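In listed order, ligands and their atoms are each counted from 1. Predicted, not measured: the structure shown is a model, and the values here were computed from it.
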Amino acid sequence: MKPIPFNKPFIIGHELSYIADAVAQGHLSGDGSYTKLCHRWFEEKLGVRRALLTHSCTAALEMSAIMCNLQPGDEVILPSYTFVSTANAFALRGAVMVFVDIRPDTLNIDEKLIETAITRRTRAIVPVHYAGVPCEMDSIMDIAQRHNLLVVEDAAQALLSTYKGRALGSIGNFGCLSFHETKNIISGEGGALLVNDERYIKRAEIIREKGTNRSQFFRGEVDKYTWVDIGSSYLPSELVSAFLYAQLEQADKITAKRRHICISYSSQLAPLQQSGKLRLPTFDKYSNGHMFYIILDSQDARARLITYLKAQGISPVFHYVPLHSSPAGLKYGRTGSTMAVTEDLSERLLRLPLHYEMSDDDIAKVSTAIRDFFAHSNS
Ligand SMILES: *Cc1c(COP(=O)(O)O)cnc(C)c1O
């Protein structure tokens, strides 16, 4: 049987010809014509004040952390069930990570637990829209406002999902996107910082340009550019932006395909949920089809299912090792609530293959293999 990989990078439109065009234009460093096209696309499509391409979502999170002006000992509230970059970006500034448990239904930060984790030192909340499903942003923004905290949305998985009509990544002070090859829209490595709070636009541009006011210089707002703040080099090359722009042109088609895959998995696996063998994810017509996972009864059942699927050339994956119990999490953070849901679900969740070029036949094969596993096992 043809193997079914977990993920597969793809091209869908003009990626290669746009790269050739960027070369022909003779501008390969950052902020050339393709980067500007991408910026405008995000600003118009997501309704954000300013979009800035970065090397990665990690880089966008780091820029956000710099703008939070964290002092050593300041605290940041975030879920433990997330990718390491969500925490690392803030730990790099000397802040203490305060991990809060997730909701059992969406696996997003449990907004009801945030307020008790707030102390005098809390400066920011970092909600992660897991699987492209929105966090409860109304409650989170309300808590942030009452306690004077910044909100950085980790929207790495959430491009083109919405919450009450608003794009994810456009609601907090900052939003961070990823175009890593495992995300919906890809450029190999890549990301964007969405600056929704006007007060931070100028500083974001400076931090991204090695701490210089070069962006203002190019707009003719200052007559020379110089070192004005701390910063680093966060802007991608035009080669990356050219590839990304070609993907953005097809973004709706990519989202529709991924949603189709999620809906197909859901309907083919529904009988197993009805008979109590596994649990399926919650998603609605406003989510972007980023991920399809199943939740098994036990860690042991998950291990046996992985072995069973791999023997048939199907590659599922699981994640995350909860950050609060990881070596760096213990060193740079503490828990701000019990971690019962995180500890339980992280041991039982399994992600199924999901990528743009998957066929209906592939989806049927994976679903059939999972149904066969339960038919032949007594779990
Ligand atoms: C992928 C991901 C990141 C990191 O994205 P990069 O672009 O690889 O830096 C951060 N947070 C979450 C939740 C992710 O899924």
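- Between Glu357 and Lys257 there is no salt bridge, since no side-chain nitrogen of the basic residue lies less than 4.0 Å from a carboxylate oxygen of the acidic one.
- In this structure, the protein non-hydrogen atom closest to atom 11 (N) of ligand 1 is Asp154 OD2, 2.7 Å.
- The cluster map of Ile, Leu, Val, Met, Phe, Trp and Tyr, joined by side-chain heavy atoms under 4.5 Å apart, puts Tyr308 and Phe374 in the same cluster.
- Taking atom 7 (O) of ligand 1 as the reference point, the nearest protein heavy-atom neighbour is Ser178 OG, 2.7 Å.
- At the shortest separation from atom 15 (O) of ligand 1 among protein heavy atoms lies Gln157 NE2, 2.8 Å.
- Distance from atom 3 (C) of ligand 1 to its nearest protein heavy atom, with residue and atom name: Phe83 CD2, 3.6 Å.
- Ring centroids of Phe179 and Phe42 are separated by less than 6.0 Å, placing the two rings close together.
- A salt bridge is absent between Glu221 and Lys202; no separation between the charged side-chain nitrogens and carboxylate oxygens falls under 4.0 Å.
- For ligand 1, the atoms lying closer than 4.0 Å to a non-hydrogen atom of Gly190 are 7 (O).
- Less than 4.0 angstrom separates some heavy atom of Thr58 from each of these atoms of ligand 1: 4 (C), 6 (P), 9 (O).
- Considering backbone and side-chain atoms alike, Cys57 places an N or O below 3.5 Å from some N or O of ligand 1.
- For Tyr293 and His319, the ring centers sit 6.0 Å or farther from each other.
- In this structure, Gln247 and Ile186 approach most closely via the heavy-atom pair OE1-N, 2.9 Å.
- Per-residue contacts place Val128 under 4.0 angstrom from the following atoms of ligand 1 (heavy atoms of the residue considered): 13 (C).
- Atoms of ligand 1 found under 4.0 Å from any heavy atom of Ala156, numbered from 1 in the order shown, are 2 (C), 3 (C), 10 (C), 11 (N), 12 (C), 14 (C), 15 (O).
- At the top of the distance list for atom 1 (C) of ligand 1, counting protein heavy atoms only, stands Lys183 NZ, 1.7 Å.
- Ring planes of Tyr81 and Tyr320: perpendicular class, angle over 60° (limits at 30 and 60°).
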